[in-house]
Protein chains: 2
Amino acid sequence: MSEPEPRKDTYHHGHLREELIRRGLEALEREGAETLSLRSLAEAAGVSKTAPYRHFKDKDLFLGALADEGYRRLHEALTASVEAGPKRRRAESPVAAMGRAYMAFAVSRPALYRLMNSPLMCRMPAEFIGWARKSLLLLAETLEASRADSAKGRGARRAGHPDLDATAAAWAYIHGLVLIRIDGLYPADLPEPDWDRLAGVVPELPGR
Amino acid sequence: MSEPEPRKDTYHHGHLREELIRRGLEALEREGAETLSLRSLAEAAGVSKTAPYRHFKDKDLFLGALADEGYRRLHEALTASVEAGPKRRRAESPVAAMGRAYMAFAVSRPALYRLMNSPLMCRMPAEFIGWARKSLLLLAETLEASRADSAKGRGARRAGHPDLDATAAAWAYIHGLVLIRIDGLYPADLPEPDWDRLAGVVPELPGR
DNA sequence: GAACCATGTTGACACCGCCAACACGCCTCA
DNA sequence: TGAGGCGTGTTGGCGGTGTCAACATGGTTC
């Protein structure tokens with residue numbers, strides 16, 4: 001057998017870190033980030049209450065690891081959406097496809113999305129934000145390509161120098177839209193917005 | 001003396017509910033909503049650890065009361081911004097003024113703003129969302145007036161029937177912008193966006 | 001075989017939300 | 001006038017939490 005065999009002894013778990021992250025992601029959607037406890041995860045993994053501290057310095061860094069996994073999956077979903085774009089039957093702009101993919105991700109894992117964008121994250125070590133940054137730059141490039149495309153022949157800006165203010169604006173729009181939806185902020189007694197349509201009409205910022 | 005006199009005895013506090021809310025709002029900005037505890041607030045008010053439960057059924061309802069006060073102040077700030085609009089020297093559209101006032105409010109009380117827009121709030125009793133709803137409708141009216149104004153003479157829509165999808169889109173934009181800023185989500189090593197400018201360029205949704 | 005080290009365990013501490021039972025003091029009404 | 005009701009405060013306790021110090025286990029390395 002060539003695959004790495006789990007340890008033979010019962011004293012050492014063997015894959016505790018991975019199991020905690022897997023169970024953490026599950027628990028996140030089941031009960032939310034507020035009530036998620038390392039102790040209960042440890043117990044569920046059949047391990048003592050302080051065992052997780054051998055793998056994560058504190059709870060915040062554990063949440064950071066969960067968010068990191070979320071960033072990775074989000075980036076995966078976003079790149080898939082732009083690559084699959086040309087194959088779509090209905091012609092859909094890459095920006096719109098990306099907006100919809102972004103919302104689909106957040107709706108499928110609301111608690112994880114919230115965690116990924118919580119104020120906690122700006123206090124995380126740098127290795128936890130690599131995928132987040134990549135996703136933002138992917139959005140910037142997609143916006144830039146869209147702008148260059150629509151302004152073809154009439155003095156389009158140079159590519160390679162994305163307008164970061166416009167990127168921030170587009171991100172803000174889709175981020176806010178997603179949060180209003182998954183946090184249930186829109187008044188329940190008003191007719192519900194057409195979330196999917198709105199996710200596709202990411203606004204273009206008027207230039208400076 | 002005609003004003004309501006505080007109780008003479010020391011056993012009963014007299015204005016505990018108000019003092020808890022006041023101290024709660026202070027503590028919110030000092031330490032964030034996560035670590036805010038009813039016990040510590042009670043101790044700071046010179047009262048036993050369970051006294052707050054005479055005024056708030058549980059912690060969530062206390063946070064709801066804090067958020068309610070926040071909604072009231074936000075609505076106050078927004079109405080002030082549209083009323084003060086015409087008096088401004090620099091001609092600024094009411095929508096832009098409102099966007100900037102919205103961001104100024106959130107930046108001045110980030111933790112309160114987060115609380116007001118947390119998923120907790122959609123589980124609150126109806127009396128806690130009156131001001132929130134009023135603020136949203138104020139935004140809808142301001143947007144509608146702006147659209148009617150800019151489309152004057154060329155088939156403007158009837159007033160009184162605000163486009164709620166457009167309202168949701170504008171709200172999403174400014175909400176997301178504010179959160180990205182106060183949560184520190186924008187990568188620190190990229191040039192910081194011009195938040196105030198962005199808060200003033202609330203996008204118009206392309207019609208259905 | 002001894003020393004090392006990663007990864008488990010146990011026990012404890014301080015803190016938290018919350019509950020039941022009780023204490024105080026004002027207000028009302030017989 | 002005095003007895004009861006009631007709003008509001010207190011005490012003590014329960015179960016849960018993050019986290020720390022000290023110790024145990026077992027594979028790896030000289």
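Values in this document were obtained by computation on a predicted structure and should not be read as measured data. Lettering of chains follows the sequences in order, A, B, ..., and the numbering in each one begins at 1.
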I need the CD-P distance between B:E43 and C:dG17, as an integer number of Å. 12 Å

For atom NE2 of B:H13 and atom P of C:dG25, their distance in whole Å: 16 Å

Quick check: do A:C122 and B:L185 have side-chain heavy atoms less than 4.5 Å from each other? no

Is B:R197 salt-bridged to A:D165, cutoff N-O under 4.0 Å? yes

Atom-pair distance (CG on B:L38; P on C:dC19), nearest Å: 12 Å

Is a side-chain donor-acceptor pair under 3.5 Å present for B:Y173 with A:H175? no

For B:S48, report the nucleic acid contact type (base, sugar-phosphate, nothing); a contact means any heavy atom under 4.0 Å. base

If only atom types and distance count, is the side chain of B:E43 paired as donor or acceptor with the main-chain N or O of B:S48 below 3.5 Å? no

Do A:E18 and A:R22 sit within salt-bridge range, that is, some charged N less than 4.0 Å from a carboxylate O? no

Could you check which residues of residues 49-58 of chain A get a heavy atom under 4.0 Å from DNA chain C? Sort them by number, please. A:K49, A:T50, A:A51, A:R54, A:H55

If you check every side-chain atom of A:R39, which of C:dT9, D:dT19, D:dT11 has the closest atom? D:dT19

Are the charged groups of A:E26 and A:R23 less than 4.0 angstrom apart, N to O? no

